[in-house]
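Numbers here are sequence positions counted from 1.
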Amino acid sequence: MAALVRPARFVERPLLQVVQAWDLDARRWVRALRRSPVKVVFPSGEVVERKRAPGKQPRKAASEAGAQEQREKSPLEESPSHAPSTWEESGLRYDKAYPGDRRLSSVMTIVKSRPFREKQGKILLEGRRLITDALKAGAVPKMFFFSRLEYLKELPVDKLKGVSLIKVKFEDIKDWSDLVTPQGIMGIFAKPDHVKMAYPKTQLQHSLPLSLICDNLRDPGNLGTILRSAAGAGCSKVLLTKGCVDPWEPKVLRAGMGAHFQVPIINNLEWETVPNYLPPDTRVYVADNCGLYAQAQMSNKASDHGWVSNQRLLKFQKYEEEEDVETGTSQDWLPDVEVQSYDSDWTEAPAAVVIGGETDGVSLESLQLAESTGGKRLLIPVVPGVDSLNSAMAASILLFEGKRQLRGRAEHLSRDRSYH
């Protein structure tokens, strides 16, 4: 019986050892494939070499160079959805902002403050469309902050050379953004110079002998809308006197929708220098808004008209009355500027329209300039009981009325030439 059992044990042992050896080799082979080996040796003896993926390093080498790679610039990796040749040949590189990086916060502190903006000569542009319009017009970029590489690749490559490119978290952009839905990219530009800008050819072709002068406009939304209307009407330029809101403020830029890069803007002007920026023989017209009763009276009192500051003119009136008591003479303290309806012809010569703010109205200097150039006060009649129109609305009405008159005059001249 014992002799019969021993051969059975002898047969089972080799079979058990073969199964364990095969199972062990199979597991090792599968585990080796998971580790992405350099060489794979198959049971048949065939050896297959595998090239290491570009940019990959052994774990030991990667751990040693980890701290150094955080400070080095990363190459722009190609996305399969974009054209590969342009970005590979450009050689552009960008930095990654790691925790504790204060470059974004320090720059935002400068561009969001008007004194710092004017001192440093930098502005903030946010959004791909606004940045693209600025680059096409010749604005000089200094720095870009972006959250995804795809946003940066949508910009012209030739405009990004020599520009600091910094990748940050989307949450950081969201903290500093003025948009309800941030677009993930911010650009820091040098403050544009209207002389060096290259405005769109279509805008220059449709430019009219019509200028806009903004006086005491302090609401960013109104100014942005007015600039948009000026670009749409074809104004040759927009002048801003001292006391107006900064046209390069983020809120004005957002309301302007790219108008800053379609029409020349000259800001922070003294009234004495305004004529220097106007074409020769330009007549200055002041936007005037009054009710039907005031229109019937055609009074020269500024308090009857909604586009003249009551407080400022009352101050001049009080001073005049005190002077009259001492001298015993009576003088007109307000420039004698005739009032005419806004739809009457006023574009026979190059024209400039003055728009005042809703709070302070137009200044006395604007009326004096209108008087000296032979201009008038353009009346926009409103229904009794309505105080005044919005500044942006009044500017749009007058600018497009001027465009209508100029276009009608051009069509009339073309008809006359065809007859002769």
Sorted by chain and residue number, the side chain to side chain contact (heavy atoms under 4.5 Å, CB included) partners of Glu371 (sequence neighbours excluded) come out as Pro335, Asp336, Val337
For residues 196-214, run the donor-acceptor check on the side chains, cut-off 3.5 Å, and write out each pair with its distance to 0.1 Å, sequence neighbours left out.
unit_1	atom_1	unit_2	atom_2	d
Gln203	NE2	Ala231	O	2.8
His206	ND1	Thr202	O	2.8
Ser211	OG	Ser236	OG	3.3

With a 4.5 Å heavy-atom cut-off, do Asn390 and Thr225 have their side chains touching? no
side-chain hydrogen bond (donor to acceptor under 3.5 Å, both in side chains) contacts in which one or both residues fall within residues 131-148, not counting sequence neighbours: none
Do you know which of Lys251, Arg218, Arg117 makes salt bridge (charged side-chain N to carboxylate O under 4.0 Å, His left out) with Asp246? Arg117
Which residues pass the salt bridge (Lys or Arg N to Asp or Glu O under 4.0 Å) test with Glu272, sequence neighbours left out? none
I need the minimum non-hydrogen distance between Ala392 and Asn222, along with the two atoms involved. CB-O, 4.0 Å
Sorted by chain and number, sequence neighbours left out, salt bridge (Lys or Arg N to Asp or Glu O under 4.0 Å) with Arg114 holds for Glu118
Check Thr273 against Tyr277 and note the closest heavy-atom contact, atom names and distance. O-CD1, 3.2 Å
For Phe170, does the CZ atom have more than 12 heavy-atom neighbours from other residues, nucleotides or ligands under 6.0 Å away? yes
Per side chain to side chain donor-acceptor pair (under 3.5 Å), Thr347 is matched among Arg409, Arg407, Arg283 by Arg409
Would you please classify the geometry between the Trp248 ring and the His260 ring as parallel, tilted or perpendicular, with 30° and 60° separating the classes? tilted
Side-chain donor-acceptor distances from residues 182-195 under 3.5 Å, at least two apart:
unit_1	atom_1	unit_2	atom_2	d
Gln183	OE1	Arg128	N	3.2
Asp193	OD1	Val195	N	3.2

Restricting to non-hydrogen atoms, name the atom on Asp343 and the atom on Arg404 that form the minimum distance, rounded to 0.1 Å. O-NH2, 4.1 Å
